[in-house]
Structures are given as structure tokens and as C-alpha cells.
There are 2 protein chains.
Amino acid sequence: MKSRLEDLVSTLQAASSLEDLQVVTEALRDHYEVAHTVYHWVNSVGERFGAGTYSAEWVDRYLEKDYLRTDPVIFGCFQRFTPVIWKELDWSSKAARAMLQDAQQHGLGNQGFTIPIRGPNGQFALFTMNATADDDAWETFVDENTRDLMIVAHELNKKALEFENWGQDLQSPSLSPRELSAMTCLAKGMNRAQSAAELNISEHTLRVYIESARHKLGAMNTTHAVARALSTGIIIV
Amino acid sequence: MKSRLEDLVSTLQAASSLEDLQVVTEALRDHYEVAHTVYHWVNSVGERFGAGTYSAEWVDRYLEKDYLRTDPVIFGCFQRFTPVIWKELDWSSKAARAMLQDAQQHGLGNQGFTIPIRGPNGQFALFTMNATADDDAWETFVDENTRDLMIVAHELNKKALEFENWGQDLQSPSLSPRELSAMTCLAKGMNRAQSAAELNISEHTLRVYIESARHKLGAMNTTHAVARALSTGIIIV
DNA sequence: ATTACCATCCCCATAAATAGCGAGGGTATA
DNA sequence: TATACCCTCGCTATTTATGGGGATGGTAAT
């Protein structure tokens with residue numbers, strides 16, 4: 001069993017396309033004898049990347065019904081660091097229970113386990129195992145396999161980022177120390193007067209830094225410049 | 001050796017204070033026979049949370065010299081998903097090399113390995129192993145231990161989040177869809193007129209969303225609001 | 001059924017940011 | 001020794017953002 005997982009991880013590490021990831025999710029489903037295994041991104045603009053064993057109908061319905069905004073799994077994972085057992089989430093809202101019922105009519109099991117994965121620049125993905133089981137059996141399954149599944153989830157996300165060239169196109173320009181400080185002050189909410197005072201320079205000088213940083217970052221205005229500085233990681237607030 | 005790691009993880013899971021984490025980092029250092037083992041947050045105001053075996057002098061110097069802005073480890077990890085071997089980072093800048101030399105004079109080894117860890121609301125932490133070794137030996141060490149160390153890093157971060165009640169008081173406020181759209185437009189560099197046009201609303205209405213978002217985010221101005229929205233991950237540009 | 005929040009619109013006055021013109025001395029690097 | 005940044009400072013005019021005050025109708029949850 002242990003060696004079998006190693007094989008799966010090796011296959012995963014050798015994957016070179018989305019189709020390969022698809023195959024891996026199917027192999028994982030069979031290996032763990034669950035109903036479904038799914039990996040997908042949860043971006044601001046819905047779905048852009050995913051591989052898994054859910055039926056096309058369910059995926060379509062999920063998107064069509066905008067379940068991303070309803071699903072307690074999405075919401076719960078977004079606020080949590082640790083993996084989540086579905087049963088422990090908040091299913092009190094009517095919309096959530098309706099979604100769960102709908103899911104089961106599309107072949108999903110009653111139990112689920114989802115690992116949140118976070119990458120650079122706000123990238124966020126989920127790795128889910130879904131099955132039909134009673135609460136105790138599912139908890140045992142999760143206890144026994146969480147660590148392995150975390151490794152699998154990590155490798156899946158690594159590959160997905162590779163395939164999508166996440167962060168490749170974003171080559172960050174280098175700002176001077178003063179420019180970085182200026183951007184940081186602004187990102188902290190200081191206005192120009194406060195920032196200038198903080199850096200012990202005239203407000204005019206500060207302005208020069210801001211302008212300079214803005215041009216280097218190819219930004220339309222200060223807010224844009226700070227946004228770019230933050231999302232490329234050249235400043236951290 | 002394997003069982004020893006399990007013991008460490010168990011100790012970690014039973015930890016109930018920052019001091020306990022400190023003890024764990026020391027035990028990890030001894031177990032892996034490295035020079036240093038460190039876990040810390042990389043947040044707005046430098047250090048707010050950390051445990052590790054670096055000398056107080058080095059930590060003070062690091063903060064005093066503002067090495068957070070220089071350190072290629074910070075920058076590299078912030079842009080990457082996968083763990084990082086220090087040698088593979090960009091040390092071409094003079095400031096970076098000076099920092100490295102300074103570090104070695106404060107008892108750090110020449111090799112390092114750092115795992116980036118991301119939690120909800122933009123939380124970002126690093127787990128680092130540091131040692132004196134040649135390149136090959138270090139690479140071997142990393143290859144053999146990455147998975148275990150990832151688990152350790154995960155458990156450390158879990159505990160750190162617990163201790164700091166991350167998500168309790170620091171829960172990112174939920175913005176309405178329109179507020180999120182407004183923030184996103186601004187983060188993309190549009191001004192109010194352009195954003196309003198993009199969303200097909202009057203400029204005044206847009207302003208109401210911005211104001212509302214600003215209050216929810218506890219921000220001083222628009223730039224600050226966008227910065228917070230970005231760094232907590234509630235919008236992605 | 002009431003409370004809360006959402007989406008949408010308007011006016012006015014003030015504060016702040018942007019755009020344009022400058023200038024000088026310092027430190028690298030090619 | 002040029003060339004290229006980096007850091008620092010000033011003035012003026014225009015454009016934009018912010019902070020108050022409002023109002024209406026809708027949806028969702030308790």
C-alpha cells in the first residue's frame with residue numbers, strides 16, 4: 001500500500017499535461033477506494049483549472065448554479081489552514097443543504113474531505129476526496145491518510161502551477177530601497193504627508209519616488225502601483 | 001529515526017504555548033543535526049511571531065538592518081509554492097551577499113532550506129533549516145527530508161495560528177460582490193470614472209462601494225483598502 | 001415582520017493626488 | 001570618464017478623491 005502511493009506520487013511528478021493529472025486523480029480514487037477525487041483551482045473568476053472524477057454534468061451544474069458562492073466547503077476551506085471534513089462544516093443555510101442534496105443526486109457520496117492549498121499571488125486550490133461512508137469510518141479514513149493526501153495535494157498543485165506558468169509572466173521590476181519604502185508606507189495606509197514624515201524627507205521627494213516606482217511598475221496610478229508591488233511580492237504588508 | 005520524528009510531531013501537536021514551540025525547534029535542530037531551525041511569520045510589521053534557534057543578536061540585527069527587504073529567501077519564498085534551497089536563489093545583488101556574510105558571522109551555516117507556508121487571510125510564514133555543509137550533502141539532506149519537514153512546517157503553522165487566534169480577531173471582513181468588483185477595478189489601475197464605466201454604474205455609486213469596502217477593511221484610504229484586500233487574498237489581480 | 005444589508009442614485013465643500021516645469025550632488029558600473 | 005541611476009529639494013495649476021449630508025427599492029434571514 002505504501003509503495004503504491006509512492007508510485008502514484010512518482011507518476012504525478014512525471015506528469016506533463018492536464019490529462020496526466022486526470023489519470024492520477026482516477027488512480028487515486030481507485031487506490032483509496034473512494035467515490036471521487038478532485039483537484040481544482042478556486043480563483044476569483046470561477047473555474048480555470050481542474051482535474052478529477054466528478055461527472056461533467058455535476059461540474060456544469062455546479063458552475064451554472066454558482067455553487068462556488070454557496071458551497072460551505074469553499075467558504076470553510078478559504079478561512080482555514082487545516083484540511084476539512086465536510087461534516088464539520090456549517091450546513092445550516094438552506095442553500096447549502098439544497099446543494100448537498102443536489103450533489104448526491106449527481107453521484108457524490110455523503111462524506112467528504114478537502115485540503116486547502118495556497119500558492120503565491122493568492123492562488124488557491126482544493127483537493128477533495130469524496131465517498132459514501134458512516135461518520136466514524138470516514139473519520140478513521142481521514143486520520144489514517146491525511147498526511148499522505150497532503151503530500152499528494154502539494155504535488156498536484158505544484159504541477160498545476162507549472163502547467164499554467166503561474167508567476168512566469170509576472171517578472172517584477174526592481175525598485176530602489178527608497179521606492180520600496182515609499183510603496184510600503186502607502187500600502188500601510190499612510191498618505192503622502194505621513195509617508196514623507198515617516199521617511200524623513202520632503203513630501204516632494206516622496207512624490208518623486210512614487211512617480212518613479214509607478215513608471216517602473218507600469219502602473220496607472222498610486223493605487224495600481226501599490227497593488228502591483230504587493231501582488232508581485234516585492235513588498236509585503 | 002522515524003519514530004523520533006513521530007515523537008516530535010506528537011510533542012508539537014500537544015504544544016500549548018510559544019515556549020513549547022521554541023522547545024520543538026530546538027529538538028528539531030538536534031534531531032536533524034543542523035545549525036538552526038526557525039519558524040516565523042513574515043507579516044506587516046516585521047516580527048510578530050516566531051520560534052527558533054537563531055541568536056537574539058542575529059534576530060535583532062536582521063530587523064534593525066531591515067534585511068526582510070534584502071533577503072532573497074523572503075522574496076524567493078514569497079513568489080514560490082515549493083520549498084527552496086538557498087543556493088538556488090538569486091544572490092547576485094551586493095546587499096544580499098553582504099547579508100549572507102553578516103549572517104555567517106552570527107553563527108549561521110552556509111546552507112539553508114526554507115519552506116513557505118500560507119494560511120488564510122494572507123498569512124505567510126517560513127520554516128527554515130540552516131546548516132554548514134557542501135552543496136551535494138545539503139541537497140541530499142533536503143531530498144531525504146523534505147516531506148517530513150513539510151509536515152512539521154504544517155503542524156508548526158497550525159499551532160502558531162491557534163496561539164494567535166488567527167481568524168478570530170483577524171478575520172477578513174466579507175465584502176459584497178459589488179464591493180469586491182470595485183476593489184478589483186481599482187487594483188487593476190482604473191480610476192473611479194473608468195471603474196464606474198466598467199461596472200455600468202454611476203461614479204457616485206462606485207464611490208459608495210469604495211467607502212463601504214474601506215470601512216469594512218478598516219482602511220485609511222483607497223490605496224490602503226486595495227492593499228488590504230489584496231494581501232488578505234479576498235481579491236486577486 | 002422586522003432587522004440588516006445590498007444596490008443604486010444625487011449635491012456640495014474640502015482635502016489630496018497628479019502633471020508639468022525645474023535643479024544639484026552622490027555612487028556605481030561599463 | 002561617461003552613463004546611468006539614486007537621493008534630495010521647490011513651485012504652480014489641474015484633476016481626482018474624500019467626507020458629510022441625504023433617498024429608494026430589493027433581498028435575505030431571524
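Labels below follow one simple rule: chain letters A, B, ... track the order of the sequence lines, proteins then strands, and each chain is numbered from 1.
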**OP:** Would you kindly compare R214(B) and V208(B) by the position of their nearest DNA chain D nucleotide and give the one closer to the 5′ end?
**Re:** R214(B)
Original post:
Relative to each other, are the rings of F78(A) and F124(A) parallel, tilted or perpendicular (30° and 60° limits)?
Top reply: perpendicular
Original post:
At under 4.0 Å between heavy atoms, what does S202(B) touch on the DNA or RNA strands: base, sugar-phosphate, or nothing?
Top reply: sugar-phosphate
**OP:** Calculate, to the nearest 0.5 Å, the distance between atoms NZ and CE belonging to K188(A) and M220(B) respectively.
**Re:** 13.0 Å
Between the protein and nucleotides 28-30 of chain C, which nitrogen or oxygen pairs come in under 3.5 angstrom?
none

Subject >> Donor on one side chain, acceptor on other, T37(A) and T25(A), under 3.5 Å >> reply: no
Original post:
Does the side chain of D135(B) pick up a donor-acceptor pair with the side chain of Q111(B) at under 3.5 Å?
Top reply: yes
Original post:
Does a donor on one side chain sit under 3.5 Å from an acceptor on the other, for Y54(B) and N130(B)?
Top reply: no
Original post:
Between Y62(A) and Y67(A), is the ring centre distance below 6.0 Å?
Top reply: yes
Original post:
Got a sec? Which of residues 217-227 of chain B come in under 4.0 Å of DNA chain C, heavy atoms?
Top reply: none
Interface polar pairs with nucleotides 3-6 of chain C, N/O, under 3.5 angstrom:
{"from": "dC6(C)", "atom 1": "OP1", "to": "K216(B)", "atom 2": "NZ", "distance (Å)": "3.1"}
{"from": "dC6(C)", "atom 1": "OP2", "to": "K216(B)", "atom 2": "NZ", "distance (Å)": "3.4"}

Original post:
Relative to each other, are the rings of F141(A) and Y32(A) parallel, tilted or perpendicular (30° and 60° limits)?
Top reply: perpendicular
Subject >> Heavy-atom donor-acceptor pair, N157(A) side chain to G119(A) backbone, under 3.5 Å >> reply: no
